[in-house]
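Labels below follow one simple rule: chain letters A, B, ... track the order of the sequence lines, proteins then strands, and each chain is numbered from 1. The model shown is predicted, which means the values in this text are computed figures rather than measured ones.
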Amino acid sequence: MIVCITAKGEGAEATVEPRFGRAPYFVFADTEAGTFVSVKNELVDAAGGVGPRSAQVLVDHSATVLITGQLGGNAATALKAAGIKVYSFGDAATATQALEKYTQGGLSEIL
Amino acid sequence: MKIVVASGKGGTGKTTVSANLAYALARRGGVTLVDCDVEEPNLHLFFPGESEKKGVPVPVPAIDSERCTLCGECGHFCRYGALTVLKDRVLFFSELCHSCGGCTLVCPVDAITEVGREIGVVTTSHPLPGLTLISGVMYEGEVLAPKVIADAKEEGGDEGRVIYDASPGVACPVIETLEGADFCILVTESTPFGLHDLDLAVRAAAALGVAAGVVINRSDGEDDAAVTFCQEHDLPVLMTIPFDREVAAVQNRGGLIARDLPRWEERFAELWDEVARHCEVKV
Ligand code: SF4
Ligand code: SF4
């Protein structure tokens, strides 16, 4: 399963980022392989439509779960339609911590 | 002759100036007043009447799911995020679409055609003899104000005297409103606070080659800052409207000073003549 975590930087130890569409990085964690792939978000400074465009990035990377802080309405529509579940990272500070909490069932669902 | 009434910022009484000017001209041979503040048109409040409506359509993509191979091209092309290609279908966010037509071009299997979607209406009414009022009205949540403005201006035509009431501030709707106009009346208050915004508006008009002049509204008699600004920028002060008790009383109840107070009808007619003189000087 591929879990996407919005982050301020690259890699497993990156600090989590609350904004979805404007997150500097998307960290994709492959839970079976135990690998982390970081993708720079080209849309940080884009004018508009960042929510659905970021959802597209998740679809392209076959993510089925997203861990982030907050979501806009269009992003929510796109993610829901794509069947991607969304959780809030709560008090987790890094991508790894967020993933751990998620695996333990300790994160609350936003969508 | 087509003139724009604009202001650098909201709350300067721009709409009142437009309405009074239109009233005076309606009684002197006729005028077309076009409300280009499509997000919040309010000139109809001064001139109520039965109106005819015409839809404002914009082209948006319609995707033929039979043909679509979910290749993802359109989703990656659209920089506005209006298309998201999922594993089983393409999602379209109509309110994000800027109608650029690009997705139709990039689709490798011709699965996209353009269909019309209504983002607003243009209404036309004849509330007074000599006055044609045209209002552009953009629907809630829509973003393509310039398209609604363009349609409203088109409806207003090129003949005779036309007044375009712009939206407050200086953003792309105002640029669209200025396009093709002969003159721009900028309405400001006498306080120095609005001068920065006024400066932006002056530069926007200049960039489009539209000559401008200033109407000082709600003047408390201390217009030094505004007058100096106009001198520095070589802008004529076309009219000064004092904020005395009489004027305030009429405006507070939504009335028109050109109709309800003596002499003001003539003064607004003179404002138009003054503008006409400046336009001749220009050509
Ligand atoms: S017409 Fe342009 S803005 Fe609209 S969906 Fe297609 S590519 Fe995006
Ligand atoms: S470009 Fe055409 S074929 Fe490809 S996903 Fe879009 S609509 Fe479907």
Would you compute the distance between atom [atom1] of [X] and atom [atom2] of [Y] and round it to the nearest 0.5 angstrom?
X: N217(B); Y: T16(B); atom1: CG; atom2: OG1; answer: 6.5 Å
X: R203(B); Y: L198(B); atom1: CZ; atom2: CG; answer: 11.0 Å
X: I67(A); Y: K85(A); atom1: CD1; atom2: NZ; answer: 13.5 Å
X: C36(B); Y: I149(B); atom1: SG; atom2: CD1; answer: 6.0 Å
X: L58(A); Y: I84(A); atom1: CG; atom2: CD1; answer: 4.5 Å
X: S38(A); Y: K40(A); atom1: OG; atom2: NZ; answer: 12.0 Å

Max heavy-atom pair count under 4.5 Å with chain A, selected residue of T84(B), L83(B), V143(B):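 Highest number of heavy-atom pairs under 4.5 Å: T84(B).
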
If you count every heavy atom of other residues, nucleotides or ligands that lies below 6.0 Å from [X] atom [atom1], does the total exceed 12?
X: H196(B); atom1: NE2; answer: no
X: E40(B); atom1: CD; answer: no
X: E109(A); atom1: CD; answer: yes
X: E114(B); atom1: CD; answer: yes

Side chain, backbone, both or neither of T77(A) within contact of chain B (heavy atoms, under 4.5 Å):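 Interface part for T77(A): both.
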
Partner residues of E155(B) under the side-chain contact (heavy atoms from CB on, under 4.5 Å) criterion, sequence neighbours left out: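 Residues passing side-chain contact (heavy atoms from CB on, under 4.5 Å) with E155(B): K54(B), V122(B), T124(B), I134(B).
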
Residues 87-97 of chain A: residues contacting chain B (heavy atom under 4.5 Å, by number):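 No residue falls under the 4.5 Å cut-off.
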
Chain B neighbours within residues 3-36 of chain A, where any heavy atom lies under 4.5 Å away: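 The stretch does not come within 4.5 Å of chain B.
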
Quiz item: cation-pi between K2(B) and F183(B), 6.0 Å / 45°: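 Output no; distance or angle outside limits.
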
Donor-acceptor pair between D165(B) and S18(B) side chains, under 3.5 angstrom: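 Their side chains do contain a donor-acceptor pair, which is all the 3.5 Å distance test asks for.
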
H61(A) and Q56(A): CA distance, side-chain angles, deciding distance, side chain to side chain contact (heavy atoms under 4.5 Å, CB included) verdict: CA-CA 9 Å; H61(A) 285 80; Q56(A) 183 75 64; over 6 Å; no

Heavy-atom pairs under 4.5 Å with chain B, option from V59(A), V50(A), N74(A) with the top count: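 The candidate making the most pairs under 4.5 Å is N74(A).
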
Residues of residues 86-107 of chain B near chain A, each having a heavy atom less than 4.5 Å away: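 L86(B), K87(B), R89(B), L91(B), F93(B), E95(B), L96(B), listed by number.
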
